[in-house]
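Note: hydrogens, waters and symmetry copies are ignored here, and every other heavy atom, side chains too, is used.
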Amino acid sequence: SQIVRDKVLELNPDVVLIHDNDNPTLNTKLAYQKPCVAIVHSCVAIAGGMSTFSYLTSLYTLASRGHSVLCVSETSRQEWEAYIQKNRDYILRSKVLPVEGLEPGAVFTGYLHNPVVWERPSLKPTKRGFISLGRVIRQKRHHVGLAASQDLTLYCPTPFMGNKDSSTLLQKLEKKFGEERIMKGLPYSILMETLSESRALLSFSIESFGLTGMEANSFGVPVILQHPVKKHA
């Protein structure tokens, strides 16, 4: 946290865009340094747990000092607000937030608007099949999409992220489905070019950051959402 804070002060930007919201200490440090816009990627259903409360405290520090704290959708913001009300008694008892922090909009000051709502997408001829784009982690269940269609390619801009489990899982996917269907470490410009020429983007209900879907729609590429159904005994 201190290293990042010192770097921010060295660069002296006009505004700091915070994407690492899982670092409450850094959030709090930055709240007292520069104007900030914190974009909350975390879906409350995934982020839920005791650590979430220190997370809320730091986001409230940002919001109460006049910074912007934005969810990636109105639905996500509503779920976070419902989570706060559900845990109202604990939050007050443990001083996670003051009473005024329980008011709607006190922590989450807004949400991102999908640009597709007011920007007409530019359709392009389809040159590629379906595409799935994201890190390889078990919860995203990439194997389901790869098994469902031979016309699907998985693109991993950051395949490992220092995660041994992701590396092992990636090797299993390559062995089962073929290395030619799994692209690793491509630059952003190539990813966007590939995405713009794809038939559709396969996304996952566990994804909490909607930027990839918005990028696809801005190219006129539809998004297919996969919602895994849990099997009950």
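Residue Cys156 comes nearest to Val136 through the heavy atom pair SG-CG2, 3.5 Å, listed as atom of the first residue, atom of the second, then distance. When every heavy atom of Val96 is checked against every heavy atom of Phe53, the shortest pair comes out as CG1-O, 3.2 Å. Smallest separation of non-hydrogen atoms from Gly101 and Tyr60: CA-CE1, 3.6 Å. Considering every non-hydrogen atom in both Ala63 and Ala106, the closest pair reads CB-O, 3.2 Å. The two residues Val221 and Ala200 come nearest to each other via the heavy atoms CG1-CA, 3.7 Å. Here the closest heavy-atom approach between residue Val16 and residue Pro13 is recorded as CG2-CG, 3.9 Å.
Linking ILVMFWY residues whenever their side-chain heavy atoms come closer than 4.5 Å, directly or via other members, leaves Ile224 and Val144 in distinct clusters. Both Val15 and Ile39 belong to a common hydrophobic cluster when Ile, Leu, Val, Met, Phe, Trp and Tyr are linked at side-chain heavy-atom distances under 4.5 angstrom. Cluster annotation: Leu9 is not connected to Val37 through the hydrophobic network of ILVMFWY side chains, with a link wherever side-chain heavy atoms come within less than 4.5 Å. Both Val107 and Val99 are part of a single hydrophobic cluster, where members link through side-chain heavy atoms under 4.5 Å apart. Criterion: ILVMFWY side-chain heavy atoms under 4.5 Å apart, direct or through other members. Under it, Val8 and Ile3 are not part of a common hydrophobic cluster.
Glu103 is linked by a salt bridge (Lys or Arg N to Asp or Glu O under 4.0 Å) to nothing, counting only residues two or more places apart in sequence or in another chain. Taking Glu180 as the reference, nothing meets the salt bridge (Lys or Arg N to Asp or Glu O under 4.0 Å) condition, with sequence neighbours excluded. Asp151 is linked by a salt bridge (Lys or Arg N to Asp or Glu O under 4.0 Å) to Arg199, counting only residues two or more places apart in sequence or in another chain.
Atoms CG and CZ, from Leu201 and Phe219 in turn, are 11.5 Å apart once rounded to the nearest 0.5 Å. Rounding to the nearest 0.5 Å places CD of Glu81 at 10.0 Å from OG of Ser76. Interatomic distance, Tyr83 OH to Ile91 CD1, rounded to the nearest 0.5 Å: 7.0 Å. Taken to the nearest 0.5 Å, the CD atom of Glu174 stands 7.0 Å off from the CD atom of Gln171. Here CG of Asp6 is found 9.0 Å from CD of Gln33. Values are rounded to the nearest 0.5 Å. Taking OG1 of Thr52 as the reference point, atom CG of Leu59 lies at 10.5 Å (rounded to 0.5 Å).
Using a 4.5 Å cut-off on side-chain heavy atoms (C-beta onward), Thr61 and Tyr32 make contact. A 4.5 Å side-chain heavy-atom check between Ser132 and Leu152 finds at least one atom pair inside the cut-off. Annotation: side chain of Leu146 is not in contact with side chain of Lys176 (no heavy-atom distance under 4.5 Å). A heavy-atom distance below 4.5 Å is found between the side chains of Tyr55 and Val40. At least one side-chain heavy atom of Asn12 sits under 4.5 Å from a side-chain heavy atom of Lys34.
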CA sep, side-chain torsions, deciding dist, call: Ile18, Leu62, side chain to side chain contact (heavy atoms under 4.5 Å, CB included): CA-CA 11 Å; Ile18 302 175; Leu62 285 164; 4.2 Å; yes
Residue pair Gln85, Leu102: steps toward the side chain to side chain contact (heavy atoms under 4.5 Å, CB included) verdict: CA-CA 7 Å; Gln85 296 306 317; Leu102 298 174; 4.2 Å; yes
Test side chain to side chain contact (heavy atoms under 4.5 Å, CB included) applied to Phe108 and Gln78, step by step: CA-CA 9 Å; Phe108 303 97; Gln78 290 175 356; over 6 Å; no
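Although no hydrogens or angles enter the test, the distance criterion places a donor-acceptor pair under 3.5 Å between the side chain of His67 and the main chain of Ala31. Remark: side-chain polar atoms of Thr153 are not paired, donor with acceptor, to backbone N or O of Ile131 under 3.5 angstrom.
Dense packing is recorded around CG of Leu11, with more than 12 heavy atoms of other residues, nucleotides or ligands lying under 6.0 Å away.
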